[in-house]
Colleague: 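This is the structure I have questions about; it appears just below.
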Amino acid sequence: MTRYEIEHATSVFTGGGHELLTFKQHNTRWIKITNEDLGKLPGVGLATAAKLKDAGYDSMMSIAVASIGELEEASGLGSSPARKIINFARENLNMGFQSGIELLEKRKTVVRIPSGSEALDKLMGGGFETGCIVEAYGEFGSGKTQIAHLLCVMAQKIDPEAVAVYIDTENTFRPERIEQLAKGAGLDPKKVLQNIKVARAYNSDHQMLLAEKVGDLAKKENLKVTLVVVDSLTAHFRAEFIGRGTLSERQQKLNRHMHTLLKLADTQNACVFLTNQVMSTPDVFFGDPTRAIGGHIVAHASTFRIYLRKGKKGSRVAKLVDSPNLPDGEAAFYVRTEGFEDI
Ligand code: ATP
Ligand code: MG
């Protein structure tokens with residue numbers, strides 16, 4: 001158990017957004033709780049507030065959108081007090097609806113990251129959109145990791161301040177490849193690499209944790225994260241949950257992960273680019289006998305889905321499978337050392 005010592009509580013009840021309490025944890029790290037957030041919650045004492053804060057619940061919004069189970073686990077409270085504080089947070093928060101006009105305004109902040117291939121960009125409605133999830137699935141060597149690398153570079157081409165976060169589960173991130181693509185895009189490779197934050201995920205729990213930490217990272221280091229890559233989304237899940245009996249557990253975890261990623265896309269206005277493998281489905285006789293891993297849970301959370309396959313003469317073909325506002329279609333391109341090239 002973590003032990004918390006109260007350092008001083010002099011400014012309690014001063015109101016107006018002053019510091020409510022300052023905690024000290026093991027004489028090393030400071031945890032601050034401010035009036036605007038957790039201090040207001042009913043029945044939450046000092047230790048519980050600190051535990052919540054420590055588990056990443058640092059605002060009314062984070063409490064309001066939490067589930068009872070999550071909060072119980074994080075705070076050590078029972079389910080009834082946990083429900084109480086969630087309800088309190090919800091009531092005290094403007095969770096309200098947005099008008100179509102507001103949403104249209106928000107849509108104007110959407111950025112489209114180009115790929116360098118006109119055909120692929122056209123297919124994607126002008127590039128890879130921020131604020132949503134784009135899933136690319138296809139068999140090995142179909143170009144998923146290539147797109148992921150390219151987007152890291154192109155995000156910076158259109159915005160020098162942009163930062164890409166790369167969650168690498170298969171150890172396939174290659175800085176050398178970024179150098180090639182950066183040169184191809186006319187950018188300084190060193191600077192581009194500087195603005196890509198790579199984390200290797202060793203298992204599915206680690207992967208989920210990393211995704212949860214991206215928001216913190218952006219906030220702490222004041223980064224403009226416009227791209228988050230998870231390559232591959234499903235490899236760990238697939239390897240760890242084998243057999244029918246574990247399927248529902250896997251899907252539940254994957255569902256939670258997808259929600260984290262959705263939230264991330266929305267709050268950071270980032271393009272979340274996920275890669276996914278396919279499994280062969282021999283029972284399909286017509287059309288392509290391949291299906292993405294993760295089923296409906298991944299498919300429903302993704303705004304855009306592209307299916308990649310190898311085409312003629314070493315080309316790659318991307319097919320838009322699912323999009324809210326674009327027609328389905330196909331684009332073919334070549335993967336070259338310096339970038340993507342139209343056919
Ligand atoms: P997996 O499911 O195994 O992860 P993937 O879809 O991620 O596969 P990629 O790694 O994106 O596959 O694609 C690999 C292909 O990209 C290579 O077979 C090659 O054709 C092409 N490629 C990789 N590097 C270069 C390069 N420097 N120049 C040109 N083409 C390259
Ligand atoms: Mg790959």
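Worth saying up front: this structure is predicted, and the values here are computed from it rather than measured. Atoms within each ligand, like the ligands themselves, are counted from 1 in listed order.
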Colleague: Nearest to atom 2 (O) of ligand 1 by heavy atom, Glu139, Lys144, His149, Gln277: which?
Modeller: Lys144
Colleague: Are Arg174 and Asp168 within salt-bridge range, i.e. N to O under 4.0 Å?
Modeller: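 Looking at Asp168 together with Arg174, the answer is no, because their closest N to O distance does not fall below 4.0 Å.
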Colleague: What's the shortest distance from atom 31 (C) of ligand 1 to any protein heavy atom, and which residue and atom give it?
Modeller: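 For atom 31 (C) of ligand 1, the nearest protein heavy atom is Val335 CG1, 3.9 Å.
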Colleague: Going by an N to O cut-off under 4.0 Å, is there a salt bridge joining Asp159 and Lys224?
Modeller: yes
Colleague: Which is closest to atom 3 (O) of ligand 1 by heavy-atom distance: Phe340, Tyr137, Phe140, Tyr334?
Modeller: Phe140
Colleague: Please report the closest heavy-atom contact between Met154 and Gly116, naming both atoms and the distance.
Modeller: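 Met154 and Gly116 have their closest heavy atoms at CE-N, 4.1 Å.
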Colleague: May I ask you to say whether Glu135 pairs ionically with Arg305, meaning some side-chain N is under 4.0 Å from a carboxylate O?
Modeller: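 Salt bridge flag = yes for Arg305 with Glu135.
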Colleague: Closer than 4.0 angstrom, basic N to acidic O: yes or no for Arg200 and Glu170?
Modeller: no
Colleague: Please confirm whether Gly138 comes within less than 3.5 Å of ligand 1 when only nitrogen or oxygen atoms on both sides are compared.
Modeller: no
Colleague: Starting from atom 27 (N) of ligand 1, locate the nearest protein heavy atom and write down its residue, its atom name and how far away it is, to 0.1 Å.
Modeller: Gln180 OE1, 3.1 Å
Colleague: Roughly how far apart are Phe340 CZ and Leu120 CG, rounded to 0.5 Å?
Modeller: 7.0 Å
Colleague: If you have a sec, work out which protein heavy atom is nearest atom 7 (O) of ligand 1 and how many Å separate them, to one decimal?
Modeller: Thr145 OG1, 2.7 Å
Colleague: Measure from atom 26 (C) of ligand 1 to every heavy atom in Arg177, Lys310, Glu341 and give the option owning the shortest one.
Modeller: Arg177
Colleague: Checking Ser75 side chain against Leu77 main chain: does a donor-acceptor pair fall under 3.5 Å?
Modeller: yes
Colleague: Identify, for atom 8 (O) of ligand 1, the protein heavy atom at the shortest distance, and state residue, atom and that distance.
Modeller: Gly141 N, 2.8 Å
Colleague: Cation-pi check, Lys310 to Phe140: give yes when NZ or CZ is under 6.0 Å from the six-membered ring centre and within 45° of the ring axis, no otherwise.
Modeller: yes
Colleague: Just to be sure I'm reading this right: ignoring hydrogens, which of Gln146, Arg336, Arg309 gets closest to atom 16 (O) of ligand 1? Compare them by their nearest heavy atoms.
Modeller: Gln146
Colleague: Do you see an N/O/S atom of Thr145, backbone or side chain, under 2.8 Å from the Mg ion (ligand 2)?
Modeller: yes
Colleague: Pick whichever of Arg316, Glu338, Arg174 has a heavy atom sitting closest to atom 20 (O) of ligand 1.
Modeller: Arg316
